[in-house]
Amino acid sequence: MSKLPRSSHALVTGGGRGIGREIAATLARAGATVTVLGRHRATLDDAIAAGAAHFAAVADVADQAAVRAVIAEAAGRQPIDILIANAGIAETAPFGKSDAALFKRMLDVNLVAPFVLSQQVVVQAPAELCEVSIINVASILGLVGVGKIGNAAYGASKGGLVNLTRELAAQWARRGVRVAGR
């Protein structure tokens, strides 16, 4: 990644490990101020110590009040102009043995959280900024069914995320907000 054109503030969910940490590190190397959001303080602190992030926020993305507080605190340091909605859960269970509680938890983390995060980031962005980039990390299972994995809840949540991404891109394009999925 080349250098960012201006001082950017990125919020990366699930940024303490795995794909999220690598995304955070890449953004930091490109010159962004990076806040990582996750559930485990130790992994977030490790990301900061490794230079992958500048700030950490401990919260469960399914907790909407906590997400709003994290956005407000992070934006208070510097407006957030990059959101990487990477946090997600995937638990496999044959459809007949899955329950509604697991299905709802999967939707809350994989679909509702990116909606709330996106909304809050766009709301906090100054009108003159007009340049916010949101990337929702989806999955091929949001586009196709596999059948052998036993993960209908995951596929439904990621399919919803794919279409949420399309709709937000269409709604917010005139404001200068870029929304994409990977």
Side-chain angles (χ1 to χ4, degrees), residues 1-16 19-28 30-39 44 47 52-89 104 106-139 142-143 156-182:
M1 171 178 266
S2 61
K3 292 290 181 191
L4 295 169
R6 61 181 157 70
S7 178
S8 292
H9 184 188
L11 176 68
V12 181
T13 68
I19 293 170
R21 182 167 168 167
E22 290 304 313
I23 292 169
T26 300
L27 288 165
T33 299
V34 178
T35 299
V36 287
L37 169 62
R39 293 181 297 147
L44 299 173
H54 302 89
F55 301 100
V58 178
D60 183 338
V61 295
D63 181 342
Q64 294 179 29
V67 165
R68 287 183 180 93
V70 165
I71 298 286
E73 180 182 338
R77 285 190 293 273
Q78 178 183 348
I80 299 165
D81 59 339
I82 300 171
L83 168 65
I84 310 294
N86 169 69
I89 58 172
K104 184 175 181 329
M106 209 97 46
L107 289 175
D108 285 344
V109 173
N110 297 349
L111 179 57
V112 176
F115 167 79
V116 171
L117 285 155
S118 297
Q119 186 178 57
Q120 293 302 304
V121 166
V122 169
V123 165
Q124 66 78 46
E128 66 275 8
L129 184 63
C130 285
E131 289 188 12
V132 173
S133 297
I134 298 170
I135 298 175
N136 292 320
V137 179
S139 167
L143 299 172
S157 68
K158 292 301 184 170
L161 183 58
V162 168
N163 282 309
L164 174 68
T165 301
R166 289 179 183 138
E167 182 60 27
L168 294 181
Q171 283 189 25
W172 289 342
R174 287 183 188 92
R175 181 169 176 198
V177 177
R178 294 171 299 276
V179 185
R182 290 285 172 246

When every non-hydrogen atom of Thr165 is compared with those of Asn136, the smallest separation belongs to OG1-ND2, 2.9 Å
When every non-hydrogen atom of Ile80 is compared with those of Ala74, the smallest separation belongs to CD1-CB, 3.9 Å
Check your understanding: Is it true that atom CD of Gln119 has more than 12 heavy atoms of other residues, nucleotides or ligands lying nearer than 6.0 Å?
Key -> yes
The reported gap from CG in Asp60 to CG in Asp108 (rounded to nearest 0.5 angstrom) is 9.0 Å
Taking the side chain as every heavy atom from C-beta outward, state whether Asn110 and Lys158 have any atom pair closer than 4.5 Å. yes
Residues Val109 and Pro114: closest non-hydrogen pair is O-CD, 3.6 Å
Greater than 12 external heavy atoms within 6.0 Å of Leu107's CG: yes
Of all heavy-atom pairs linking Leu161 and Ala138, the shortest is CD2-CA, 4.0 Å
Nearest heavy-atom contact between Ala56 and Leu44 is CB-CB, 3.7 Å
Can you tell if the side chain of Leu117 reaches within under 4.5 Å of the side chain of Thr13, non-hydrogen atoms only? yes
If we only count heavy atoms from C-beta on, is the Val132 to Leu83 side-chain gap below 4.5 Å?
no
*Any side-chain heavy atom of Gln64 within less than 4.5 Å of one from Val112?*
yes
*asked:* Donor-acceptor pair, distance only, cut-off 3.5 Å: does the side chain of Arg77 make one with the backbone of Thr33?
replied: no
- request: Answer yes or no: is there a side-chain heavy-atom contact under 4.5 Å between Ile71 and Val67?
  value: yes
Closest non-hydrogen contact found for Thr35 with His9 is OG1-NE2, 2.8 Å
Between Val34 and the options Leu27, Ile84, Ile82, the side-chain contact (heavy atoms from CB on, under 4.5 Å) test singles out Leu27
To the nearest 0.5 Å, atom CD1 of Ile134 lies from atom CG of Leu168 at 6.5 Å
